[in-house]
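Model, not experiment: these values are computed from the prediction.
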Amino acid sequence: MNARLQLDTYRSQGSPPVSREEAESLWESKRIVDATIHPMTGEKIPLPFRMSAFVPMNVLITAGLLMPNPSINSVLFWQFVNQSYNIALNHSNRNASNELSNDVILKTYGAAVTISCGVAVGLGLFVNKSRFIPGSIRPLLARLVPFTAVSTAGIANVFLMRGNEAKEGIALRDEAGRELYGKSPAAGFKALEQTALSRVIIALPILTLPPLIMNAAEKSLLVRYPRLRIPLNLGIITTMLWAALPATLALFPQISSIPAKKLEPRFQGMKDPEGKTIETFYYNRGL
């Protein structure tokens, strides 16, 4: 049976008690639906932009961003590719409380690409030509430029593309998942804060540790085994991606909670359909 159909059928029957085998089947269906279906629109998320595809899609992109001694054209190309993928990923996993026009998406995309390329090229030129940076640490600092560019563009991307969530608010739900209570600008701003911070946290190990490890390896292991440079680099990047993604999602779950007392006055003391006062609301913060 189709996973979504199985869950819908179970819910329509009032969620009756089931056997252990049926419960395992329902949990497996829920896992599939959570991984492939947008929680608010009900639409299927394209395969390259699901969280399960994040690691394989980003291995090549990250390797391109971290190439040593890149040309300006190479920097511009990989920053462009990275921001293009990020925009598609973010839109596919967005909070759909406030739909965005194509015009806003295109303007945000252009701004993110411009910021990332500008920071990467400008900071790279500064590191390479500055007389105040010792030559011994110049190569290492140059390898950390991509983190600065990607993080800056990621934060700008969040507030430019989703700034209306802080103005108009995002939909709140109760513990049972019922969206009956309206939109909260306070929750919207909290979602933006969490998402912006998550962009920095996930980029930190992915774009800083591989250059540091490779810098050390080039003075020891790679002196004796230079052919290991590419496989070692890709292995380190893949490991960092596998570690950073679940850690970041654990710190900032897509479905997040916020105490009612931190929301607007109208949400404080609000009751659910059973008449129980809601102490904690939930919202989809997006990705």
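No donor-acceptor contact under 3.5 angstrom links the side chains of Thr36 and Lys44, judged on distance only. The closest side-chain donor-acceptor pair between Ser184 and Glu264 falls under 3.5 angstrom. For the 3.5 Å distance criterion, the side chains of Ser256 and Tyr282 fail to qualify, holding no donor opposite an acceptor.
Contact check for Glu168 versus Pro185: no side-chain heavy atoms found under the 4.5 Å cut-off. Looking at heavy atoms from C-beta onward, Pro273 lies in side-chain contact with Leu180 at the 4.5 angstrom threshold. Within the 4.5 Å cutoff, the side chain of Trp242 has no heavy atoms near those of the Phe54 side chain. Contact annotation: the side chain of Ile37 never approaches that of Ile45 to less than 4.5 Å [non-hydrogen atoms, C-beta and beyond]. Ile258 places none of its side-chain heavy atoms less than 4.5 Å from the side chain of Thr280. Side chains of Leu172 and Lys183 form no contact here, defined as non-hydrogen atoms less than 4.5 Å apart. Annotation: side chain of Ile201 is in contact with side chain of Phe252 (closest heavy-atom distance under 4.5 Å). By the 4.5 Å heavy-atom criterion applied to side chains, Leu65 and Gln79 are counted as neighbours.
Nearest approach of Tyr181 to Lys271, heavy atoms of both residues: CE2-O, 3.8 Å. The shortest heavy-atom contact between Ile61 and Val81 is CG1-CG1, 4.0 Å. For the pair Ala196 and Phe159, the tightest heavy-atom approach, listed with the atom from each and the gap, is CB-CE1, 3.7 Å. Closest of all the heavy-atom pairs between Arg31 and Glu28 is NH2-OE2, 2.7 Å. Residue Ile170 comes nearest to Ala187 through the heavy atom pair CD1-O, 3.6 Å, listed as atom of the first residue, atom of the second, then distance. Contact record, Pro48 with Ala53: O-CB, 3.7 Å, taken as the closest heavy-atom pair.
Distance check, rounded to the nearest 0.5 Å: CD of Gln268 to CD of Glu279 gives 10.5 Å. Here Asp34 contributes atom CG and Met51 contributes atom CE; the two are 13.5 Å apart, rounded to the nearest 0.5 Å. Interatomic distance, CG of Leu192 versus NZ of Lys190, reported as 11.5 Å (0.5 Å rounding). A distance of 11.0 Å separates CG of Asn73 from CZ of Phe77, quoted to the nearest 0.5 Å. Separating the CG atom in Leu66 from the CD1 atom in Ile236 is a distance of 10.5 Å, to the nearest 0.5 Å. Within the model, atoms CE of Met270 and CG of Leu263 stand 9.5 Å from one another, a figure rounded to the nearest 0.5 Å.
Proximity of a side-chain donor or acceptor of Glu22 to a complementary backbone N or O of Ser19 within less than 3.5 Å is detected. Panel note: side chain Ser74, backbone Pro70; no donor-acceptor pair is recorded below 3.5 Å. Proximity of a side-chain donor or acceptor of Asp174 to a complementary backbone N or O of Arg178 within less than 3.5 Å is detected. At distances below 3.5 Å, at least one donor-acceptor pair connects side-chain atoms of Asn2 with backbone N or O atoms of Leu5. Not a single donor-acceptor pair under 3.5 Å links the side chain of Ser25 to the backbone N or O of Glu21. No side-chain donor-acceptor contact under 3.5 Å links Asn215 to the backbone of Pro211. Of the possible donor and acceptor atoms, one in the side chain of Arg285 sits under 3.5 Å from a partner among the backbone N and O of Pro253. Using a distance-only test at 3.5 Å, with no hydrogens or angles considered, no donor-acceptor pair links the side chain of Arg173 to the main chain of Phe281.
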Would Glu193 and Val158 count as a side-chain contact (heavy atoms from CB on, under 4.5 Å) here? Give the steps. CA-CA 9 Å; Glu193 283 186 322; Val158 171; over 6 Å; no
Going through the distances and angles, do Leu26 and Lys30 end up as a side-chain contact (heavy atoms from CB on, under 4.5 Å)? CA-CA 6 Å; Leu26 286 167; Lys30 184 179 186 306; over 6 Å; no
For the pair His91 and Ile105, evaluate side-chain contact (heavy atoms from CB on, under 4.5 Å) and give the outcome as yes or no after the intermediate values. CA-CA 9 Å; His91 184 68; Ile105 294 174; 3.6 Å; yes
Evaluate side-chain contact (heavy atoms from CB on, under 4.5 Å) for Phe49 paired with Tyr85, printing each intermediate quantity in order. CA-CA 8 Å; Phe49 310 126; Tyr85 178 73; 3.7 Å; yes
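Partners of Asp272 by salt bridge (charged side-chain N to carboxylate O under 4.0 Å, His left out), not counting sequence neighbours: none found.
Criterion: ILVMFWY side-chain heavy atoms under 4.5 Å apart, direct or through other members. Under it, Ile115 and Ile155 are not part of a common hydrophobic cluster. Both Met57 and Tyr109 belong to a single network of hydrophobic side chains, linked directly or stepwise wherever heavy atoms of I, L, V, M, F, W or Y lie under 4.5 Å apart. The cluster map of Ile, Leu, Val, Met, Phe, Trp and Tyr, joined by side-chain heavy atoms under 4.5 Å apart, puts Ile202 and Leu60 in the same cluster. Under a hydrophobic clustering in which Ile, Leu, Val, Met, Phe, Trp and Tyr are joined whenever their side-chain heavy atoms come within less than 4.5 Å, directly or via other members, Trp78 and Phe80 fall into the same cluster. By the criterion of side-chain heavy atoms lying less than 4.5 angstrom apart, applied directly or through intervening Ile, Leu, Val, Met, Phe, Trp or Tyr residues, Val119 is not grouped with Val200; the two fall into different hydrophobic clusters.
Atom CD1 of Ile72 sits in a sparse spot, with 12 or fewer heavy atoms from other residues, nucleotides or ligands closer than 6.0 Å.
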Show me the donor-acceptor pairs, under 3.5 Å and distance only, between side chains in residues 137-152 and residues at least two apart or in other chains.
| unit_1 | atom_1 | unit_2 | atom_2 | d |
| --- | --- | --- | --- | --- |
| Arg138 | NH1 | Val127 | O | 2.6 |
| Arg138 | NH1 | Asn128 | O | 3.2 |
| Arg138 | NH1 | Ser130 | O | 3.0 |
| Arg138 | NH2 | Ser130 | O | 3.2 |
| Arg138 | NH2 | Ile133 | O | 2.8 |
| Arg143 | NH2 | Glu218 | OE2 | 2.9 |
| Ser151 | OG | Phe147 | O | 2.9 |
| Thr152 | OG1 | Thr148 | O | 2.7 |

With a cut-off of 3.5 Å and sequence neighbours excluded, list every side-chain donor-acceptor pair involving residues 219-230.
| unit_1 | atom_1 | unit_2 | atom_2 | d |
| --- | --- | --- | --- | --- |
| Ser220 | OG | Ala216 | O | 3.1 |

